[in-house]
Amino acid sequence: MTTPQYSKSHYTGWTSAKTFPKGSYIKGVSATDGDSGQNANLRYSLVSGNSLGWFAISENSGLVTSAALLDREIASEVVLNISAKDQGVQPRVSYTKLIVNITDVNDQIPTFTQSTYHVSLIEHSPAGSELVVLSATDDDLGGNGTVWFSFDSETPSTVQNLFRLDAVSGRLSTATELDREEQSSYLLYIQAKDKGTPPLHSVCKVNVTLRDINDNRPVFYPVQYFANVKENEPSGSYVTTVSAADPDLGRNGTVRYAITAGDTFKFHINANTGRITTLMSLDREEKMAHQLQVRATDGGGLHSRTQAIVTVTVIDTQDNPPTFSQATYSFVIFENIKSGSPVGAVSASTLDLNTNITYLITSGDQRGLFAINAATGQITASSQVDREEQAFYQLKVVAKGGEVTGQALVNITVKDLNDNAPHFPHAVEHVSAVENWGTGHHIFQAKATDPDEGSNGVVLYSLKQNPKGLFHIHEKHGLITLTGPLEVTTSSYQVEVLASDMGVPQRSSSLILTVSVYDVNDNSPIFDQLSYEVTILESEAVNSRFFQVEATDKDSGLNGEIAYDIAGGNAGDVFGIFPDGQLYIKAELDREVQERYHLLVVATDRAVEPLSATVNVTVILEDVNDNRPLFNSTNYVFHFEEEQNRGSQVGRVFAEDRDFGPNSEVRYSFETPQPNFELNAITGELTSTLRLDREALMRQRGAAVFSFTVISSDQGLPKPLRDQAKVQVYVRDINDNSPRFAKDIYQASVSESAQNATQLLRVSASDVDEGANGMVRYRIMEGNEEGRFSIDSGSGQVTLVGGLDYESTASYSLKIIAIDSGVVPLSSSCMLSVSVLDENDNSPSFPKAALTVDVLENMRIGELVASVTATDSDSGDNAEITYSITASNNHGTFSISPNTGSVFLVKKLDYETQSLYRLNITAKDNGRPPRSSTVPVVIHVRDFNDNPPSFSPGDIFKTIPENLPLATSIMTITAHDTDADINGQLEYSIVQQMPRGGHFTIDPDTGVIRTSREIDREFSNLFELTVKATDQAVPVEFRRFALKNVTVWVTDQNDNVPTFISQNALVADATVVVGSILTTVVAFDPDEGANGEVEYELVKGDSDTFVMDRYSGDIRVASQLEPARLVYSLTVSATDRGLDRRASHTELTVILQGADGPVFSQPKYITILKEGQPPGTNVISLDASSPRGSGTKVEFYIVSVQCGDKAVGRLFTIGRHTGVIQTAAELDREQGSDLYLVGVYAIEIDANQPRTQKAEVEIKLQDINDNPPVFPTDMLDVTIEENIGDGFKIMQLTATDADEGPNALVTYTIISGADDSFRIDPESGDLIATKRLDRERRSKYSLLVRADDGKQSSDMRVNITVSDVNDHTPRFSRDVYSFDIPEDMAPGAIVAAILASDADAGVNGEITYALEEDDEDGVFLLNPVTGVFNVTRPLDYEAQQFYILSARAEDGGGQASSVRVYFNILDVNDNPPIFNATLFSASVMENVPPGSSILTAAATDADNGNYCLSLYRQ
């Protein structure tokens, strides 16, 4: 056989990425094989290099085509390893390489490393400051992969001018200084474009944020302020508010105000709001006008360059400030009027005829667009006014006459002029259209805006440029539609859209719209001929291209790209077609198989919905002489009987040639001469040339068969073709030979216990004849009289068929005969000798049929579980027993000593995982074959409390409504403990509630949580409970527990009535402006949601004078107050919005402020009140009398109650006629404040005009001991190590008392549980040990600690756990151990045990045993866990009578002790007496008398005691 050979060692192919459609030609590889038939039938495959799946190979032809689109950026060169393998029985393979080089096309879009960049920059950074270096990658080569950066058209040109972008490096920097106050951020669109043809690009966004610096000073506007203040106004009277703005951010833009010049001791300015108030009453006679300078400072320390000037005029009733002719002036102007153009005039007058009035604009014109003539009041434009910037101005104009001022408002409305053209968002737009869109199809929505007003801002659209009249635009809406079909031959249209307003003069702007037209697949491919016919030789090479069809498609793009395929007529798939229309040969052609092919070729475009066309291609094959004369069989087999005469016919061969004429005439011959046979050249008949003997051939040649090759040849030109076939001639046998045994005598042995059908051996006889002549059959002729044996007649297998008994018959002799199956049979015989062997026939026996054992689950690994023992009545090896666990060992939980039968624990037990084990323990003797017996061992695991309770995972939340009845069940919480009995029985308790109060209890058995106190959402809407589940293990120290947090949400019910907080009286100025807020009534409802939302209503009183806001509680003045009226009495209701609405009412007295009122006995009252006094407790009595005599009636009202700067509710009442102040609620110093300021007004009720006076009452709350000390928690768990000494500070316990002074002094005591082991410092709360703590004496303490402030107290439970330290050494149960052991103790047997104990806990109390280095021979093995000794080897009393060992017990903490262990070996009678000599001789006289001593025969015995006494017998 030959190996396939490629024509080249490697091939090379070139192709372009992306432009190569699937199925395109890459390369054809070809190999040849010199063999024939299947041995020359080659199959090609891609062995490696095609991991990307880009290529495919024809299995038959070796044609390599593309299987997918290629991508150079993934791989620019692909090396394919191609194999050619023949189809022989043992196929041969050869390999070649195809190197495919992929050239680049521009198919990679430049890709930014980020789609969006976020950068920040400090404002006013110098031009050129770097923002970011953009990076984009393009995996193409050369210009296709060279990236340039530029601003995208989405970035406005005005923004582009502010930045610089390096086209090569991508460095983005500033082109100028940027000011955050002008614009705080910029969004840039950056384009990365390659240099390919056509170029590809991508766009990223860069967000630039400017960080603020303090670059702006505060600026006042207005700069001048004028205010009138009545003389004798009380301190705190409002003057005016100044305002400055700073456009910086945060602290830099936060403005604070300060008075820098003027009467600073008379005025105060709020630093945050700029609100100016008086610090004292102003006296006009002292000074009529005050001028203040106010400076504004930002958070960065910059001051306003210009300070505000505030002129405060003190007026009295005699002053006559200037009065404008109108309170409000209104003027209308057109925008863009010239500077100096008049706007309008204002006019003011005063009763003081000698006073000159001057005018100035104080506010409303921050940009300075207007000016006013100070003398005439004429207002003019001082700068250009643009309506689009601002269409309305409201100026405040001040008229100053002497030291007093008046003011008026001037409203200026700016009318529009047509000074703005319509504006498109973009000057150029691009849209795409499809060629088959119909008339009326929407193309584009044009949208332009015009900021002008009215007809000046109305935009109309028209088409200034309309190619071929194909487009129409809606005049008003700007929608562009089609009026006719588009032509794909015109790739794009340019349409100019004009937007015009309707103003005078008319203004317009234009938009260039580019409409790109895309093709529709509306043309099918067309072949250049109606049909094709081509003639080729049938011997054309595979993969050769022989013809090309061509079709065209008028469409463009993918719609016009054509791919070809063969749709029919391609029988045997012998032809293929490439995507470019090239027909090629896929498989070898054979004219004799098919002479003509009618191919149906289809051309299909690459559209989404493709169109196609077909054409017929006729391929005619021309004949060549390519057929050999083929034998009708490749292997002829003939059977020829031996001993026939010369010239006898053997058989005939036959070959056929499918060609015609001389090419099909066949001649036969031997490949090599055959002396035993002749072959007829014309007929192919085969005959013998001599007489053949099969047995002689077997001896001479080793086989009675002839093999040779015959040749068939045609007569074709120029060179005949040949075929060959193999011929085998088998010489057939006749019966001329007898059977012969391999041996004359056979021997076999069999155990006496062998079962029936046991095979002993197989005798074998051979017969050189064939078939039935050589087929031998066997039978036993003699020696089987007992019928113990049988023989298989065909195989000669001798088998036991009866029971054997070595003691009855030890051997058998059998005569066996072999007979062939010839017509006249021949035979021969042999002898078989069978020996019977003795057997082990007793099994080990256990004393019990089953064994049951109980163990604790906390048993240590290595401890003895049980011992099993079996006996065997046999002796010697047959009685030596080995133990093993043969079933149900549960992954090796237990092990067994093979010699002693002791079962030990190997893996930790877990009652919860498995509580019962069933083992099968087998005892097996050492007989051959061994015998065994099995005993079942049941091991019950008893539970140990090794599992804590566990709650279900996750937080527990429960929602309940407030006001539930006591003992209401709200939920059930359960835990699980996998332990058994009381170890798994759980008891529940609530160990902590926050906030405290014992609102809930839990059933200790069921875990049902119930309410135990009133649940009030207003007390707390959330309770956090800690639930404890404890098992009931005994003793208590072994108990385990788990904690679970439970959160209880309390939902609201409408169970509270709104409560008024604001006072029931207030003071008002009769001149208050109509519409002003007089006061705000406030009522509080502690409920939640709608239940707590309050609505107000004025239910009684002067509704024409006052109106009330339903939601805010604001009371506004609806009409001017009557100056002569003393008070107004109102009734106000507050109602919540719950389903069951609740309401409350209050009386509200409005006191009109007046002068010359009653005089209080002192301007300020100060008193002290103890906290906790009940409502109605007298606080202080106020006294006020009228200057008009004692007969004038005076009434008192509380108008305010303040705590610090904060108003509080109605905590006090005052007797309207008595002036006695009483408490209205119980005051709590810890919950509220210790100081209250009460404002009281006294009024004369008989006066004909308001006469009032105000007094202030300071009430200081005195602390009482009404709060107990409180610990942070009700229970505290502490762990400390044992052996700490007297005076050791464990921790400090702290309780806090909300009271103050002596009431807050806390004393600590231990109430119970100390056991004289602990004390607590009464002052510091330090918990101190009073003696050394010993865990082995007591491991847990539960202290009840009390904190007491002298009147009230609270308790806390402190649970102390004393943890173990390794302070105990293991102690043996004896000082010395001594054991007696018989010397015949079997190896592995347990011979002794020692025991040590350790009072420590845990690892510190776990003991490990070990032998020290005095057992060098290793005679004894000490179990490190149990302390059990096993003997490891046979003992011999005669060799050594005792052993002395040192055993060591060590706990887990490293403490150890040792003990002496003595083993005394006891003698057993294991030695026979031995004579001193093997032969004794003596001479004796023949007449020696009876009883005479002849000689002494002495024997010795190595045993001891009675075992060494010998008795002699003859």
Side-chain angles (χ1 to χ4, degrees), residues 112-135 149 151-152 154-166 169-190 203-223 225 241-260 269-276 293-308 363-369 383 386 388-390:
F112 284 95
T113 55
Q114 297 176 219
S115 61
T116 302
Y117 295 82
H118 296 276
V119 295
S120 62
L121 179 72
I122 296 175
E123 63 172 328
H124 295 296
S125 294
S129 296
E130 181 178 298
L131 295 171
V132 66
V133 177
L134 303 173
S135 176
F149 299 93
F151 287 106
D152 190 73
E154 284 291 320
T155 305
S157 58
T158 55
V159 175
Q160 294 183 25
N161 295 335
L162 300 177
F163 299 92
R164 291 197 187 99
L165 177 62
D166 189 286
S169 68
R171 181 180 184 268
L172 180 64
S173 60
T174 59
T176 184
E177 285 192 12
L178 302 177
D179 188 353
R180 189 202 63 80
E181 286 70 41
E182 290 182 6
Q183 187 169 338
S184 61
S185 64
Y186 298 88
L187 178 59
L188 309 179
Y189 292 87
I190 308 297
V203 177
C204 78
K205 292 188 288 187
V206 180
N207 277 312
V208 180
T209 302
L210 297 182
R211 299 201 302 273
D212 185 57
I213 61 173
N214 194 18
D215 58 339
N216 290 280
R217 297 175 180 271
V219 176
F220 278 103
Y221 186 80
V223 177
Y225 296 83
T241 299
V242 297
S243 176
D246 189 323
D248 289 323
L249 284 180
R251 182 170 175 269
N252 295 334
T254 301
V255 179
R256 294 181 65 84
Y257 303 90
I259 299 173
T260 58
I269 189 168
N270 186 300
N272 296 317
T273 65
R275 187 175 187 270
I276 300 175
Q293 288 188 15
V294 179
R295 183 173 65 191
T297 307
D298 63 23
L302 293 181
H303 305 303
S304 56
R305 295 188 185 277
T306 303
Q307 299 194 17
S363 67
D365 184 25
Q366 192 163 358
R367 291 187 294 156
L369 300 180
S383 182
D386 188 356
E388 285 70 42
E389 291 184 3
Q390 188 170 337

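The residues of the chain are indexed from 1 along the displayed sequence.
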- With Leu165, the side-chain contact (heavy atoms from CB on, under 4.5 Å) member among Leu134, Val206, Thr155: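 When Leu134, Val206, Thr155 are each tested with Leu165, the side-chain contact (heavy atoms from CB on, under 4.5 Å) holds only for Leu134.
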Please tabulate, for side-chain N and O atoms in residues 249-258, each donor-acceptor pair with protein atoms closer than 3.5 Å (sequence neighbours left out).
from, atom 1, to, atom 2, distance (Å)
Arg251, NE, Gly299, O, 3.4
Arg251, NH1, Gly299, O, 3.0
Arg251, NH2, Gly299, O, 2.9
Asn252, ND2, Asp212, OD2, 3.1
Thr254, OG1, Gly250, O, 2.8
Arg256, NH1, Asn272, OD1, 2.8
Tyr257, OH, Ala244, N, 3.0
Tyr257, OH, Ala244, O, 3.4

- Query: Between the main-chain N or O of Ser129 and the side-chain N or O of Thr174, is there a donor-acceptor pair closer than 3.5 Å?
  - Reply: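 Yes.
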- Query: With distance as the sole test, does Arg217 use its side chain to make a donor-acceptor pair with the main-chain N or O of Thr306 at under 3.5 Å?
  - Reply: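 Answer holds: no.
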- Can you name the residues that form a side chain to side chain contact (heavy atoms under 4.5 Å, CB included) with Thr273, not counting sequence neighbours?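 Listed in chain order: Asn270, Arg275.
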- Item | Under the side chain to side chain contact (heavy atoms under 4.5 Å, CB included) test, residues paired with Ser135 that sit two or more places apart |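 Once residues adjacent in sequence are excluded, the partners of Ser135 under the side chain to side chain contact (heavy atoms under 4.5 Å, CB included) criterion are Thr113.
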- Output every pair passing side-chain hydrogen bond (donor to acceptor under 3.5 Å, both in side chains) with a member in residues 156-165, not counting sequence neighbours, ordered by first then second residue.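 Checked against side-chain hydrogen bond (donor to acceptor under 3.5 Å, both in side chains) - neighbours excluded - no pair reaches residues 156-165.
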- Among pairs that include at least one residue of residues 293-303, which meet side-chain hydrogen bond (donor to acceptor under 3.5 Å, both in side chains), considering only residues two or more places apart or in two chains?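 Passing the test, one end in residues 293-303: Asn214-Asp298, Thr297-His303.
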- Are the side chains of Val208 and Leu131 in touch, meaning some heavy atoms are under 4.5 Å apart?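 Heavy-atom side-chain distance check passes, below 4.5 Å.
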- Query: Are Asn216 and Asp246 close enough that a side-chain donor and a side-chain acceptor fall under 3.5 Å?
  - Reply: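 No, no side-chain donor-acceptor contact under 3.5 Å.
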- Item | Nearest-0.5 Å distance, CZ of residue Arg367 to CD of residue Glu389 |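 The CZ atom of Arg367 sits 4.5 Å away from the CD atom of Glu389.
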Determine all donor-acceptor pairs shorter than 3.5 Å in which one atom belongs to a side chain in residues 182-190; sequence neighbours excluded.
from, atom 1, to, atom 2, distance (Å)
Gln183, NE2, Ser185, O, 2.9

